[in-house]
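Below: one structure, written as structure tokens.
We're numbering straight along the sequence, starting at 1. Computed from a predicted structure; not experimentally measured.
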Amino acid sequence: MKLSTRIAVCLLAPTLAVPFVEVRAQGQVIEEVVVTARKRAESLEDIPVSARAFTADEIESAGINTPQDFIQLTPNVTLVQTQNAGNSFINIRGVSQARNSEMSAAVLVDGVLMANPAQFNQQLFDIQQIEVLRGPQGALYGRNAIGGAITIVTKQPTDELEGRMELGADDGPGFTARGAVSGPIGGSETLKFRASASYVDTDGWIENEFLDEEADPYRDISGRFKLLWEPTDRFSADLRLSASQLDTQALYFVIGPEADDTDIPVRVNNPGKNERDLYNATLKLDYEADFGTFTSITAYDDLEELLTGDQFNFVPREESVVNFFDFAPLIRDLTGDEFVDLSQTQYLESDAISQEFRFTSPAENRLRWIAGTYFIQTDRFISTGNMIDRGNGVPDVTTEPRVSVFVDPTDPSPQFGLLVDEQDNFAWAVFGEVAYDLTDTFEASVSLRYDEDERENTTLTEPLYDPTGGLTTFGEVRKETWDAWQPKVTLTWQPSDTMTVYGGYSRGFRSGGFNQSGVGGAVPEPGVEDIFEEQIADTWEAGIKGSFWGGRASGSASVYYTDFENAYFFFFDPGTSTQNLGSIPEVTYQGLEIEGSALVTDNLSVNFGLGYTDSEIERAADPADNGNQAPLVSEYTLNLGVLYQRPTELFGGVNAVVRVDYQRTGDTWWDPGNISVRSPYDLVDVRVGVEMPDDWSVMLWAKNAFDEEYNTEFSPGPVPGANFLWPGMPRRWGVEFSKRF
């Protein structure tokens, strides 16, 4: 389909779709959703951005507890889950991330930019609203908002004492407990608090055939405390403290030739582990003057994550392909072992402190503006290594290696190699936006941001533990600076109170980074160099939004074209034992989103969403890849949802509730050569129960109710036909009870 045809379809879609909506009652309208996409409160239907918003009511009715839950309901947005909790890659309109890269979207929690991609995949609890903005948002949100932005707003302290608890069980088997309490401190009218916590513990669902146990047990303990002080009508101070401790498993890959291979069982002989600790402290200050609001946001993030597990080819020791590697005879002679196999570890430690100052003019002015500055200092340490697997499990390796196999081959798990790097990163930015109402119905807005990101990488790999064959140099310091201007220009026309038409141009930017020193000359893969450069995305977009039939139906449509420099792909090189990011010089993405929702009756609501992305590699490092689809891109996503709520005669008007959500994800490619494509797959989630509004509820739920088999990732392996596959989650079901007090 030509782009011009898609534009016509998008602009007409809301008009064409609405006659099929049967409106039987006039008592209710679709709830107006207020968002902060442009860092000020505005109606979702008025903002000139392609966006999907989830209110507290929808978060509850859809059972949204993790990022996967809301991403699965958002057109043209997917999540690639693989390897471990910290490796979950957001893809928005084809713009994705890969191992060792920054995120493809700016993710903010209560206005604070998430400092590390490994923080993203965590439990969501006591959440007020989630907004997913598609298209580059760098002009206001800065680096990494190259694909879009995700804002998560937690619930605020309340004026009166109140609380909520939730208990649940699943077929893992597992148990869930969540709760929150909020209110004033003592008799104060100016000092309020909110405390919330979440506990999830389940045995898992993906069977490890060799160990006869589940490969994905999961235990997470998380908590949050908020303190809000409002001594005057003009000033407020909001302190937020949060912590999360996750204990699960990792690295239970299976190896197969095609992305659709789903009949290969997990057979790792080491269950491995994935331990992650997150800590955050944030202080937000707001002062409202007559001429605008001054905001200061100070944040500190601490992350520590440890992985252990099997190494390629992720099978029992006696079947390991490592037995046939060139170094296998040497290891046999050293250790006297009959079989040669490897295990692996990865340890990540990251500390970041950030500061934002922002001044926002009053929203009611004809001329509105925002000006601000931002900086973040990040210190990161990462080690990745292999040990000889002698059937004794996988010891933890963090900052120091174990004894080398070449020094003491009798050690229960001697170290074979350990790559170690330390990074010192400092980024800063200035930004601003001016919006002006040219007429009562026509607005023009211009945003501009300058980001500079300085990164210094120090190699700490000791020569004895260097698996690259001498590519690394202990103490080597590499320093690079990436910067970019990120403009955004938007024209918005509101011909009526119920319709918005917009169009414009925006740019996004993501910093580059460091591969292992020397891989550019040693790794036999075009596009892999010692440094992967920054990315620039230039996007042109047009859209329309509207509500119809007295507010009982709404629809939106958008089309876009993106020219993208330096798209990333992941490449593992067994010869140097390095994980690398390669670059594709130029890729184009073009596509659309169409969304709609309606109250068919006072008891029945429906929603629909379609996202389509056509990607093409225009210039590849290997010319043979020109014309292929870009990596990690799903051709389309389709969403259909139905929510039915009906009062019953039980217990004085208890509601019966049924919610069904369907998602289809289209063909997905994984590498520049397009060696394999994952076929479309379908997921259905169901929730059925009863509730007393604003009091209690009991819900039965099922995710992937029809037990669809699929892989969430396909990554080319070290030899043809031996590719990494990460199995998708099978059917899960459970029950949950919630009570407000």
With side-chain contact (heavy atoms from CB on, under 4.5 Å) as the test, would you mind laying out the steps for S244 and D220 before giving the verdict?
CA-CA 7 Å; S244 172; D220 180 274; 3.3 Å; yes
I'd like to know whether T298 forms a side-chain hydrogen bond (donor to acceptor under 3.5 Å, both in side chains) with Q355, so could you lay out the CA-CA distance, the side-chain angles of the two residues, the decisive distance to 0.1 Å, and finally the verdict.
CA-CA 5 Å; T298 308; Q355 176 67 55; 2.4 Å; yes
Go through D483 and Y450 one step at a time and tell me if the side-chain hydrogen bond (donor to acceptor under 3.5 Å, both in side chains) criterion holds.
CA-CA 7 Å; D483 65 322; Y450 175 77; 2.7 Å; yes
In sequence, state the C-alpha distance, the side-chain angles, and the governing distance for E131 and T36, and then conclude on side-chain contact (heavy atoms from CB on, under 4.5 Å).
CA-CA 8 Å; E131 303 168 21; T36 56; 3.7 Å; yes
Evaluate the criterion side-chain hydrogen bond (donor to acceptor under 3.5 Å, both in side chains) for residue pair N76 and T613; output intermediate values, then yes/no.
CA-CA 7 Å; N76 252 354; T613 297; 3.1 Å; yes
Applying side-chain hydrogen bond (donor to acceptor under 3.5 Å, both in side chains) to Q119 and D301, what does each step give before you reach the verdict?
CA-CA 10 Å; Q119 296 172 267; D301 285 282; 3.0 Å; yes
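Closest heavy-atom contact between L306 and V397: CD1-O, 3.7 Å. The two residues A621 and P585 have their closest heavy-atom pair at N-CD, 3.7 Å. Across L133 and A51, no two heavy atoms sit closer than the pair CD2-CB, 3.7 Å. Pairing each heavy atom of P631 with each of P672, the nearest pair is CG-N, 3.8 Å. F474 and P463 get closest at one heavy-atom pair: CB-CD, 4.4 Å. Taking each heavy atom of I376 and A352 in turn, the nearest pair found is CD1-CB, 4.2 Å.
R38 places a side-chain heavy atom less than 4.5 Å from the side chain of S445. Looking at M387 and T345, their side chains come closer than 4.5 Å, going by heavy atoms from C-beta outward. The closest side-chain heavy-atom distance from S583 to E533 is not below 4.5 Å. At a threshold of 4.5 Å between non-hydrogen side-chain atoms, the residues E616 and E586 do not count as touching. Looking only at side-chain heavy atoms (C-beta outward), E456 and V477 come within less than 4.5 Å of each other. The closest side-chain heavy-atom distance from R402 to S413 is below 4.5 Å. Inter-residue side-chain proximity for F571 and L581 is flagged as unmet; no heavy-atom pair is nearer than 4.5 Å. The closest side-chain heavy-atom distance from L278 to R276 is below 4.5 Å.
Between W670 and F570, a ring centre-to-centre spacing not shorter than 6.0 Å is recorded. Ring pair F714/W669: centre-to-centre distance not below 6.0 Å. Taking the ring centroids of F724 and F253, they lie under the 6.0 Å cut-off. Side-chain rings of F564 and Y589 approach one another, their centers coming within less than 6.0 Å. Here the two rings, on F359 and W369, have centers that are under 6.0 Å apart.
Inspection of the Y561 and D538 side chains reveals no N or O donor paired with an N or O acceptor under 3.5 Å. Between the side chains of S104 and N91, no donor-acceptor pair of N or O atoms lies under 3.5 Å. Of the N and O atoms on the side chains of Q311 and S343, not one donor lies less than 3.5 Å from an acceptor on the other residue. Under 3.5 Å, the side chains of R134 and S50 contain a donor-acceptor pair of N or O atoms. In summary, the side chains of Q629 and S615 do present a donor paired with an acceptor at a separation below 3.5 Å, with no hydrogens or angles considered. A donor and an acceptor atom, one from each side chain of T384 and Q346, are located under 3.5 Å apart. Judged by distance alone, the side chains of Q377 and D424 do bring a donor and an acceptor atom under 3.5 Å apart. Residues Y568 and E102 bring no donor and acceptor atom of their side chains to less than 3.5 Å of each other. Between E618 and T588, the side chains place a donor N or O and an acceptor N or O closer than 3.5 Å (distance only, hydrogens not considered).
Under the 4.0 Å criterion applied to side-chain N and carboxylate O atoms, K273 and D396 are assigned as salt-bridge partners. For the pair R455 and D453, the salt-bridge criterion is met [side-chain N within less than 4.0 Å of a carboxylate O]. Salt bridge absent: K284 and D110 never bring a charged side-chain N and a carboxylate O closer than 4.0 Å.
A donor-acceptor contact shorter than 3.5 Å is absent between the side chain of N121 and the backbone of G86. Remark: side-chain polar atoms of Q415 are paired, donor with acceptor, to backbone N or O of G417 under 3.5 angstrom. Side chain of R449 to backbone of L140: a donor-acceptor contact under 3.5 angstrom is found. Between the side chain of T472 and the backbone N or O of T468 there is no donor-acceptor pair closer than 3.5 Å. D530 places a side-chain N or O within donor-acceptor distance of the main-chain N or O of V519, the cut-off being under 3.5 Å. For S676 (side chain) and A259 (main-chain N/O), a donor-acceptor pair under 3.5 Å exists by modelled atom type. Of the possible polar contacts, one joining the Q97 side chain to the I90 backbone as a donor-acceptor pair under 3.5 Å is found. Remark: side-chain polar atoms of T539 are not paired, donor with acceptor, to backbone N or O of S506 under 3.5 angstrom. Under a 3.5 Å cut-off, the side chain of T490 and the backbone N or O of G504 do not form any donor-acceptor pair. For the pair Q486 (side chain) and F509 (backbone), a donor-acceptor distance under 3.5 Å is present.
Counting only residues at least two apart or in different chains, salt bridge (charged side-chain N to carboxylate O under 4.0 Å, His left out) contacts with residues 78-94 comprise R93-E541, R93-E593. Every pair tested for salt bridge (charged side-chain N to carboxylate O under 4.0 Å, His left out) that includes a residue from residues 564-573 fails, sequence neighbours excluded, so the list is empty.
The aromatic rings of F416 and F406 sit tilted relative to each other, their planes meeting at an angle between 30° and 60°. A tilted orientation is assigned to the rings of W540 and Y505, their planes being inclined by 30° to 60°.
Partners of D389 by side-chain hydrogen bond (donor to acceptor under 3.5 Å, both in side chains), not counting sequence neighbours, listed by chain and number: N269, N270.
From L246, atom CG reaches atom CG of N274 across 5.5 Å, with rounding to the nearest 0.5 Å. Here the CZ atom belonging to F375 is positioned 7.5 Å from the OG atom belonging to S354, to the nearest 0.5 angstrom. Put simply, CD1 on I584 and CD on Q535 are 9.5 Å apart, with the number rounded to the nearest 0.5 Å. The line from OG1 of T295 to CZ of R358 is 4.5 Å long, rounded to the nearest 0.5 Å. Taking CD from E462 and CG from L419, the interatomic distance works out to 12.0 Å, rounded to the nearest 0.5 Å. Distance CG/D421 to CG/N457: 4.5 Å, rounded to 0.5 Å.
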